[in-house]
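Encoded as structure tokens, the structure appears first; notes follow it.
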Amino acid sequence: MLSAKSLFTEILDNDDSFRLFCSIAASGESQGGWENARIAALVPESERELAPKITRHGADEDKHGRIFNALMKKRGLDPVPVPPETDYTMLLEQNGIGLAHDKLKADQPLTVQDIVTYLAHSRVTEQRASEQMELLRKHFADHPDLGRAVKMISNDEDNHLAYCHEELLRFAHAGHGRDIQRILRECAHAEIRVYRDVSLAVMAHMGRILGWPKAKSAVLAAGIHAVYAYERAAGWRRMVSLKMPERRDALGGPATAAPEFA
Ligand SMILES: [Fe+2]
Ligand SMILES: [Fe+2]
């Protein structure tokens, strides 16, 4: 039976696929950490109250990167290079989503518009992160090696998503509503394409490592295309809505440590 659980179990049980999975995840998380740290450093004066939350956001993503590296180390595995076609964060940036790295590397303060763009980009990508971690939590919360990590990261991603909703609503009330809706739509449409392409690329690598028969790979690819068709038709809407979250000020306060991992 081909289910999300059996698929993940297969990937997690094999050292080579496990370390590719963790390497891809660690690299995406640390890129996110770097981006947020740069944004926090360049926050414009008028938005400086937001800076500690952006710093916390970045610190959480860095922590996630360290956790995925620690999971590999625990099994005596070294990270492997991330194939560019599986690099979700880099592909989003190349598609003009979020803030360009050139801008983040420069030492010019960002504008309010940039901060709105960062939050809208994060609202879309954190939705993805939150759903993916929720799926892992559903199946592996009790896993002896991964359970704690999965639960912690999942909780953090839910916080990130709540924070994006809350802050974007604040900016919408301050008159940025039309811009926010436009950026969210552009971002969601680009993200679902990048997500499809990355999913196909990751599955192709996993299929080679695990020696999947052609028929199995074909079923998986068809599933990924079906998800994309659904997201393009209707699913994208869940990524652009804004609703005041139950968790308020989810990123107030310092990042929670993960001493058992890093
Ligand atoms: Fe993360
Ligand atoms: Fe996140």
Side-chain angles (χ1 to χ4, degrees), residues 1-34 60-92 125-126 128-158 160 194-224 227 256-262:
M1 238 307 267
L2 205 52
S3 65
K5 184 169 187 181
S6 68
L7 204 62
F8 274 120
T9 304
E10 207 182 331
I11 291 169
L12 302 178
D13 283 353
N14 175 288
D15 280 351
D16 287 328
S17 50
F18 179 73
R19 82 170 158 181
L20 180 61
F21 171 80
C22 287
S23 300
I24 292 171
S27 144
E29 297 281 7
S30 15
Q31 280 184 68
W34 177 82
D60 280 354
E61 306 300 7
D62 269 336
K63 180 183 76 184
H64 300 166
R66 290 198 306 275
I67 290 175
F68 281 112
N69 281 314
L71 290 174
M72 278 186 275
K73 209 170 154 197
K74 218 167 140 187
R75 253 164 82 166
L77 301 169
D78 288 323
V80 285
V82 173
E85 68 277 18
T86 66
D87 194 332
Y88 171 80
T89 314
M90 187 194 74
L91 289 168
L92 284 175
T125 54
E126 295 296 340
R128 185 71 73 190
S130 160
E131 289 173 359
Q132 297 224 293
M133 290 313 301
E134 177 61 42
L135 183 69
L136 285 176
R137 177 162 63 181
K138 188 172 142 203
H139 296 303
F140 300 103
D142 297 325
H143 190 285
D145 300 324
L146 306 174
R148 285 169 66 86
V150 161
K151 280 185 282 191
M152 172 180 260
I153 298 175
S154 175
N155 185 52
D156 287 345
E157 303 301 7
D158 293 348
H160 300 167
V194 168
Y195 179 70
R196 173 199 62 191
D197 294 345
V198 166
S199 303
L200 289 169
V202 170
M203 285 305 161
H205 280 276
M206 295 303 178
R208 272 194 296 276
I209 291 172
L210 297 166
W212 287 342
K214 269 211 171 84
K216 180 168 178 170
S217 298
V219 170
L220 284 172
I224 292 167
V227 166
T256 48
E260 69 275 38
F261 298 108

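The shown structure was predicted, so the numbers you read here are calculated from the model rather than taken from an experiment.
- Using a 4.5 Å heavy-atom threshold, the side chains of Leu77 and Phe18 count as touching.
- Qualifying ring-ring contact (aromatic ring centres under 6.0 Å, His included) partners for Trp212, counting only residues two or more places apart in sequence or in other chains: none.
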Assess whether side-chain contact (heavy atoms from CB on, under 4.5 Å) is satisfied between Met203 and Leu7, documenting all intermediate values. CA-CA 10 Å; Met203 285 305 161; Leu7 204 62; 3.8 Å; yes
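- Of the charged side-chain nitrogens involved, at least one lies within less than 4.0 Å of a carboxylate oxygen, so that Asp15 and Arg75 count as a salt-bridged pair.
- Heavy atoms only, all atoms of each residue included: Ser27 and Val82 are closest at CB-CG2, 3.6 Å.
- Rounding to the nearest 0.5 angstrom, the gap separating the CZ atom in Phe8 from the CG atom in Leu136 is 4.5 Å.
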From CA spacing to verdict: side-chain contact (heavy atoms from CB on, under 4.5 Å), Glu29, Asp62: CA-CA 6 Å; Glu29 297 281 7; Asp62 269 336; over 6 Å; no
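- The residue from Asn155, Ile153, Asp156 that alone fulfils the side-chain contact (heavy atoms from CB on, under 4.5 Å) condition with Asp60 is Asp156.
- Side-chain contact between Leu91 and Asp197 is absent, with no heavy-atom pair separated by less than 4.5 Å.
- Here the CG atom belonging to Leu220 is positioned 5.0 Å from the CG atom belonging to Leu2, to the nearest 0.5 angstrom.
- Closest approach of Ser23 and Pro79 over heavy atoms only: OG-CA, 3.4 Å.
- Salt-bridge check for Arg137 with Asp158: passed, with a basic side-chain N closer than 4.0 Å to an acidic carboxylate O.
- Between Lys151 and Met133, the closest side-chain pair of non-hydrogen atoms is not below 4.5 Å.
- By the 4.5 Å heavy-atom criterion applied to side chains, Cys22 and Asn69 are not counted as neighbours.
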side-chain contact (heavy atoms from CB on, under 4.5 Å) between His160 and Glu61, worked out: CA-CA 10 Å; His160 300 167; Glu61 306 300 7; 3.1 Å; yes
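- In this structure, the separation between CD1 on Ile224 and OG on Ser199 is 5.0 Å, given to the nearest 0.5 Å.
- The shortest distance between side-chain heavy atoms of Val194 and Val198 falls below 4.5 Å.
- The side-chain heavy atoms of Met206 and Phe21, taken from C-beta on, include a pair separated by under 4.5 Å.
- The distance from atom NZ of Lys74 to atom CD1 of Ile67, rounded to the nearest 0.5 Å, is 11.0 Å.
- Remark: Leu200 CG to Thr86 OG1 distance equals 12.5 Å, nearest 0.5 Å.
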CA sep, side-chain torsions, deciding dist, call: Phe140, Thr9, side-chain contact (heavy atoms from CB on, under 4.5 Å): CA-CA 9 Å; Phe140 300 103; Thr9 304; 3.7 Å; yes
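- Within the 4.5 Å cutoff, the side chain of His64 has heavy atoms near those of the Glu157 side chain.
- Ser3 places a side-chain N or O within 3.5 Å of a backbone atom of Ser6 that can act as its donor or acceptor partner.
- Checked by atom type and distance alone, the side chain of Asp87 never pairs as donor or acceptor with a backbone atom of Pro83 at under 3.5 Å.
- Rounded to the nearest 0.5 Å, atoms CD (Gln31) and OG1 (Thr89) are 4.5 Å apart.
- The minimum heavy-atom distance between Gly65 and Ala26, with the atom names listed, is O-CB, 3.7 Å.
- Salt bridge Lys216/Glu10: present, at least one basic N to carboxylate O contact under 4.0 Å.
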